[in-house]
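Presented below is the structure to which this report refers.
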Amino acid sequence: MAAISAKAVSDLRAKTGCGMMECKKALNEANGDFDEAVKILREKGLSVAAKKADRIAAEGVVDIKTSADGLTTAMIEVNAETDFVAKNDTFKAFVSGILDVIIANKPADLEALMALPFNADFTVEAKLKDMIFTIGENMNIRRFVIIEGVVSTYIHGGGTTGVVIKFDADDACVNNAGFAEFAKNIALQVAAMPVQYLNKESVPESALEEEKQILMTQIKNDEKNANKPDSIIEKMVTGKIGKFYERCCLTEQAYVKDDDMTVGQYVDKTAKEFGGKIELAGYWCYERGEGLEKREDNFGDEIASMLK
């Protein structure tokens with residue numbers, strides 16, 4: 001068996017990011033052949049990834065990047081098991097690298113993204129599995145979105161929430177010195193307030209009918225309305241639908257920095273001040289781990305197990 005030098009182990013660790021003992025074992029298995037040891041570690045990475053695949057990964061990060069020409073923006077959520085890993089520089093660089101791949105290639109979906117080259121050595125899927133092996137946690141590329149055009153972006157809490165707002169605005173407004181601050185204010189609004197729809201027109205008829213039925217049931221269940229005819233109750237429902245719009249539609253919400261006007265009124269006011277046209281064309285908001293099962297740690301049991 002070839003003698004394995006400390007420098008060889010150190011070099012392999014620097015290239016792969018794996019632990020010293022794993023690197024030494026791989027070099028021994030490869031009889032000192034560096035490239036073969038790299039291959040062995042990568043193959044082990046695939047095995048480790050499979051073993052960790054059923055472990056809960058609901059932490060991680062939401063990140064956003066815009067192309068150099070400012071015309072393409074991508075937002076992504078990549079999950080890991082712990083918040084500790086989400087703050088790891090290697091993990092953050094991995095997420096940033098995926099965004100570069102998305103902007104350069106504009107994949108149609110996650111399957112297409114996974115098949116793209118991450119770098120000269122890995123596809124995105126292979127790099128993900130390599131990261132799982134290197135860091136030792138299950139990870140998952142959950143979702144991404146690509147937006148073309150004029151946008152504003154905001155990341156809250158180091159990646160707990162990401163927001164992208166798309167604008168349909170003319171040059172007079174986009175080139176105005178105050179446009180960037182205005183656009184950021186809209187992104188902050190979405191980050192601060194739960195939004196379900198862009199405006200009244202974008203609310204599906206089915207959602208509106210469901211809300212009307214809920215309101216009608218609530219009104220009829222109130223004893224004070226027991227003897228009121230259906231025509232009156234319907235008018236009461238119509239009056240309350242306005243509150244639904246104010247709660248769920250971005251343009252109808254009270255503007256967080258000045259609740260004397262709605263977001264829509266703020267947009268119109270700003271467009272008038274800038275001497276042009278601004279419309280909200282779309283919004284996207286990712287909450288890290290939204291809808292995912294969360295990991296629950298029992299630290300008492302964990303410590304007792306360690307003491308044993």
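We use all heavy atoms of the structure for the numbers below, so side chains are in, but hydrogens, waters and symmetry mates are not. One-based numbering along the sequence shown.
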TODO: State yes or no: do V95 and Y154 share one hydrophobic cluster built from I, L, V, M, F, W and Y residues joined by side-chain heavy-atom distances below 4.5 Å, directly or via other members?
DONE: no
Task: T123 and P117, any side-chain heavy atoms less than 4.5 Å apart - done: no
- [ ] Among K127, M131, E125, find the one that has a side chain to side chain contact (heavy atoms under 4.5 Å, CB included) with K129.
- [x] E125
Open item on the list: I need the minimum non-hydrogen distance between L113 and P107, along with the two atoms involved.
Closed with: N-CB, 3.7 Å
Open item on the list: Run the side chain to side chain donor-acceptor pair (under 3.5 Å) test against N176 and tell me which residues pass, sequence neighbours left out.
Closed with: none
Task: side chain to side chain donor-acceptor pair (under 3.5 Å) against E287, all qualifying residues, sequence neighbours excluded - done: T161
- [ ] Kindly determine whether Q189 and Y255 satisfy side-chain contact (heavy atoms from CB on, under 4.5 Å), including the steps that lead there.
- [x] CA-CA 7 Å; Q189 174 85 24; Y255 175 43; 3.6 Å; yes
Task: Candidate pair N199 and Y245, rule side-chain hydrogen bond (donor to acceptor under 3.5 Å, both in side chains), full reasoning - done: CA-CA 8 Å; N199 49 36; Y245 287 135; over 6 Å; no
Task: From CG (L280) to OG (S202), nearest 0.5 Å - done: 10.5 Å
Task: Where C173 and I278 come nearest, the two heavy atoms and their spacing - done: SG-CG1, 3.5 Å
Task: Partner residues of T238 under the side chain to side chain donor-acceptor pair (under 3.5 Å) criterion, sequence neighbours left out - done: none
TODO: Look up atom CD1 in I165 and atom CG in L250, then write down how far apart they are to the nearest 0.5 Å.
DONE: 6.0 Å
- [ ] Taking E211 for its side chain and L208 for its backbone only, find out whether a donor-acceptor pair lies under 3.5 Å.
- [x] no
Open item on the list: Going by salt bridge (charged side-chain N to carboxylate O under 4.0 Å, His left out), name the pairs with one or both residues in residues 171-190, residues two or more places apart or in two chains.
Closed with: none
- [ ] Let me see the working for Y266 and I186 under side-chain contact (heavy atoms from CB on, under 4.5 Å), right down to the final yes or no.
- [x] CA-CA 9 Å; Y266 172 57; I186 302 298; 3.8 Å; yes
- [ ] Looking only at non-hydrogen atoms, find the nearest pair between Y197 and P204 and report the distance.
- [x] CE2-CD, 3.3 Å
- [ ] Identify the two heavy atoms, one from G97 and one from F118, that lie closest to each other, and give their separation to 0.1 Å.
- [x] C-CE1, 3.6 Å
- [ ] Identify whether M114 and F144 are in the same connected component of the hydrophobic contact network (ILVMFWY, side-chain heavy atoms under 4.5 Å).
- [x] yes
Task: Short N-O contact, E29 and K25, less than 4.0 angstrom - done: no
Task: Distance, nearest 0.5 Å, that separates CG of N31 from CD1 of I4 - done: 7.0 Å
Task: Transitive ILVMFWY side-chain link I214 to F244, under 4.5 Å - done: no
Open item on the list: Please list all pairs meeting side chain to side chain donor-acceptor pair (under 3.5 Å) that have one or both residues in residues 101-116, counting only residues at least two apart or in different chains.
Closed with: none
- [ ] Please lay out, stage by stage, how I141 and I76 fare under the test side-chain contact (heavy atoms from CB on, under 4.5 Å).
- [x] CA-CA 8 Å; I141 301 172; I76 193 170; 3.9 Å; yes
Open item on the list: Suppose we screen for side chain to side chain donor-acceptor pair (under 3.5 Å). Which residues come up paired with D83, at least two apart in sequence or across chains?
Closed with: K87, R288
Task: Atom pair CG (D69) and CD1 (I103), whose distance is rounded to the nearest 0.5 Å - done: 9.5 Å
Task: Verify same cluster id: L71, V150 (apolar side-chain graph, 4.5 Å) - done: no
Task: Pairs where residues 154-168 contributes a residue and the test salt bridge (charged side-chain N to carboxylate O under 4.0 Å, His left out) is met, not counting sequence neighbours - done: D168-K277
- [ ] Please examine the side chains of D170 and F274, heavy atoms only from C-beta on, and report whether any two atoms are closer than 4.5 Å.
- [x] no
- [ ] Among Ile, Leu, Val, Met, Phe, Trp and Tyr joined by side-chain contacts under 4.5 Å, find the other residues sharing a cluster with W284 and list them by chain and number.
- [x] V62, I64, M75, V145, I147, V151, I155, V164, Y286
TODO: Please name the residue in the list N79, T82, N88 that meets the side-chain hydrogen bond (donor to acceptor under 3.5 Å, both in side chains) test with E137.
DONE: T82
Open item on the list: Which residues pass the ring-ring contact (aromatic ring centres under 6.0 Å, His included) test with F167, not counting sequence neighbours?
Closed with: F179, F182
Open item on the list: The criterion is salt bridge (charged side-chain N to carboxylate O under 4.0 Å, His left out); which residues satisfy it with R143, sequence neighbours excluded?
Closed with: E77, E290
Task: Exercise: identify the closest heavy-atom pair between L12 and A26 - done: CD2-CB, 4.4 Å
Open item on the list: I'd like to know if the side chain of T262 reaches the main chain of A254, judged simply by a donor and an acceptor atom lying under 3.5 Å from each other, with no hydrogens or angles considered.
Closed with: no
Task: Nearest heavy atoms of L198 and Y283, plus distance in Å - done: N-CE2, 3.7 Å
Task: Residue pairs passing the salt bridge (charged side-chain N to carboxylate O under 4.0 Å, His left out) test where at least one lies in residues 251-269, sequence neighbours excluded - done: K269-E273
Open item on the list: One thing to verify: whether K39 and D35 come together as a salt bridge, which I'm taking to mean a side-chain N less than 4.0 angstrom from a carboxylate O.
Closed with: no
Open item on the list: Please report the interatomic distance CD(Q253) to CD(Q196), rounded to the nearest 0.5 Å.
Closed with: 9.5 Å
Task: Separation of T251 OG1 from E246 CD (nearest 0.5 Å) - done: 11.0 Å
Task: By side chain to side chain contact (heavy atoms under 4.5 Å, CB included) - contacts of K92 (at least two apart) - done: D89
Task: Donor on one side chain, acceptor on other, T73 and K65, under 3.5 Å - done: no
Task: Intermediate values then yes/no, side-chain contact (heavy atoms from CB on, under 4.5 Å), F122 and L128 - done: CA-CA 9 Å; F122 294 105; L128 173 64; over 6 Å; no
